[in-house]
Participant: 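Take this structure, written in structure tokens, and hold onto it; I'll ask about it next.
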Amino acid sequence: MSETIQNNQTGQTPQAQPKRKRILSGIQPTGTPTLGNYVGAVRNWALLQNDYDCLYMVADLHSLTVREEPAALRRRTRELAALLLAAGIDPVNSVLFVQSHVPAHTQLSWVLACNTQFGELSRMTQFKDKSAKHPDNVNGGLFTYPVLMAADILIYNADLVPVGQDQTQHLEITRDIAQRFNNLYGPTFTLPEGYVPAAGAKIMSLAEPAKKMSKSDPNVNSFVLMTDDRDTIVRKFKRAVTDSEGSVRFDVQNKPGVSNLMTIYSAFTGKAMADIEAEFAGKGYGDFKLAVAETVADALVPIQTEYGRILADKAYVDGVLKDGAARASRLADRLVAKVYRKVGLLQPER
Ligand code: ATP
Ligand code: LTN
């Protein structure tokens with residue numbers, strides 16, 4: 001088949017020439033996605049579909065780096081796929097799949113691990129953060145996490161990777177691994193670029209605004225989930241940590257809580273910080289928090305309605321994932337065969 005992504009339903013490649021650039025991104029089924037996941041990544045996934053060939057993945061293998069209850073992991077994987085569909089991922093034009101359904105990712109990962117240095121993996125801040133968070137389970141997978149992520153991206157020769165700011169270090173190591181491999185074995189991998197949104201690349205915790213908002217945070221008041229209803233959203237924003245100054249002003253250093261709320265408001269309204277300051281001049285934090293909450297709820301409620309509808313049709317979701325895995329595998333298997341040949345693995349008789 002051609003290099004472009006084939007649509008199984010029509011049997012045609014959906015895009016006209018010239019060849020469109022390719023996007024790959026992933027999200028872990030470690031919990032229900034938060035506002036941070038939505039603004040930093042998922043929202044852009046839907047927007048970019050019109051201009052790029054997109055592959056979007058539920059990174060279930062990555063989520064095994066923290067201990068997961070097996071039944072919950074299975075349930076969350078399907079739920080996350082349904083939520084991505086509800087957020088506008090079009091399974092005909094884009095490829096939506098589950099990472100473990102495409103074994104080529106782990107096959108490439110081993111070869112890349114053998115071309116990645118212990119020292120460079122030791123410098124990854126996510127490894128350091130997660131090791132500190134789970135000192136009882138600092139496993140090998142947590143350490144080699146970025147190698148699997150590099151495989152996810154390089155296996156499709158992705159040009160662009162839409163992620164939040166916390167993933168930029170992983171993209172840098174992906175480029176380093178690709179570059180090193182290309183130098184050693186000849187041109188093989190495209191060097192990917194990050195696509196990090198201007199507003200909302202890092203949404204902070206509502207409870208501790210020095211920390212990023214994270215779906216695996218044990219404090220439920222620290223995040224807004226994409227599935228939270230309007231009342232919950234309003235309640236969580238009302239409780240958000242601010243300061244005692246009482247004025248809506250963007251100053252990340254001295255007013256991290258208020259600045260985070262302004263970032264969220266700006267990400268949903270497109271308004272500049274100066275305009276937000278003017279809008280709430282002379283008003284208290286109560287009015288401001290309510291406006292942020294209502295804006296977020298207005299954006300999320302339609303997605304939630306769609307989510308309920310899609311999730312009720314399990315067979316549809318599973319069918320999308322089966323089709324996605326088949327389409328992704330066609331591309332990924334070819335790349336793995338090429339890499340295995342290049343590094344000198346004897347090809348089996350076919
Ligand atoms: P975990 O809590 O399990 O570490 P996570 O919430 O960080 O997970 P991931 O599945 O690792 O979520 O990330 C999915 C995408 O969402 C990534 O592109 C990541 O950069 C982005 N993202 C995660 N948290 C935020 C945030 N607070 N602000 C902006 N983008 C975010
Ligand atoms: N490490 C990512 C999730 C992820 C990913 C990827 C993102 C796994 N594989 C490939 C982009 C491309 C995270 O958000 N923690």
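All residue numbers refer to positions in the sequence shown, counting from 1. Counting convention: from 1, in listed order, for ligands and their atoms alike.
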Participant: Stepwise, does the salt bridge (Lys or Arg N to Asp or Glu O under 4.0 Å) test hold for Glu193 with Lys21?
Facilitator: CA-CA 11 Å; Glu193 303 284 343; Lys21 289 198 166 185; over 6 Å; no
Participant: Establish, for the pair Arg309 and Tyr316, whether the NZ or CZ atom is under 6.0 angstrom from the six-membered ring centre and no further than 45 degrees off its axis.
Facilitator: no
Participant: Anything under 30° is parallel, anything over 60° is perpendicular, the rest tilted; go ahead and classify Phe118 against Phe143.
Facilitator: tilted
Participant: With sequence neighbours left out, write down each residue that passes ring pair (Phe, Tyr, Trp, His ring centres under 6.0 Å) with His170, or none if nothing qualifies.
Facilitator: Tyr145
Participant: State, with a plain yes or no, whether a side-chain heavy atom of Asn182 is found less than 4.5 Å away from one of Leu191.
Facilitator: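 When only atoms from C-beta onward are counted, Leu191 and Asn182 do touch, with a gap below 4.5 Å.
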Participant: Who passes side chain to side chain donor-acceptor pair (under 3.5 Å) against Lys342, sequence neighbours left out?
Facilitator: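 Testing Lys342 for side chain to side chain donor-acceptor pair (under 3.5 Å), a comparison that skips the adjacent residues, returns Thr188.
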Participant: Any protein N or O within less than 3.5 Å of an N or O in ligand 2? List each pair with its distance, or say none.
Facilitator:
from     : atom 1 : to     : atom 2 : distance (Å)
ligand 2 : 1 (N)  : Tyr145 : OH     : 2.6
ligand 2 : 1 (N)  : Gln167 : OE1    : 3.1
ligand 2 : 9 (N)  : Asp152 : OD2    : 2.7
ligand 2 : 15 (N) : Gln28  : NE2    : 3.4
ligand 2 : 15 (N) : Tyr145 : OH     : 2.9
ligand 2 : 15 (N) : Gln167 : NE2    : 3.0

Participant: If you take all heavy atoms of Val147 and Ala113, which pair is closest and at what distance?
Facilitator: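 Reported closest heavy-atom pair: CG1-N, 3.4 Å.
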Participant: Indicate the ring-plane relationship of Phe189 and Phe181, choosing parallel, tilted or perpendicular according to the 30° and 60° boundaries.
Facilitator: tilted
Participant: With the threshold set at 4.0 Å, does a side-chain nitrogen-carboxylate oxygen contact exist between Asp53 and Arg22?
Facilitator: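 Salt bridge absent between Asp53 and Arg22.
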Participant: Non-hydrogen atoms closer than 4.0 Å to ligand 1: which protein residues do they belong to? List them by chain and number, please.
Facilitator: Ile27, Gln28, Thr30, Gly36, Asn37, Gly40, Ala41, Lys130, Val163, Gly164, Asp166, Gln167, Gly200, Ala201, Lys202, Ile203, Lys212, Met213, Ser214, Lys215, Ser216
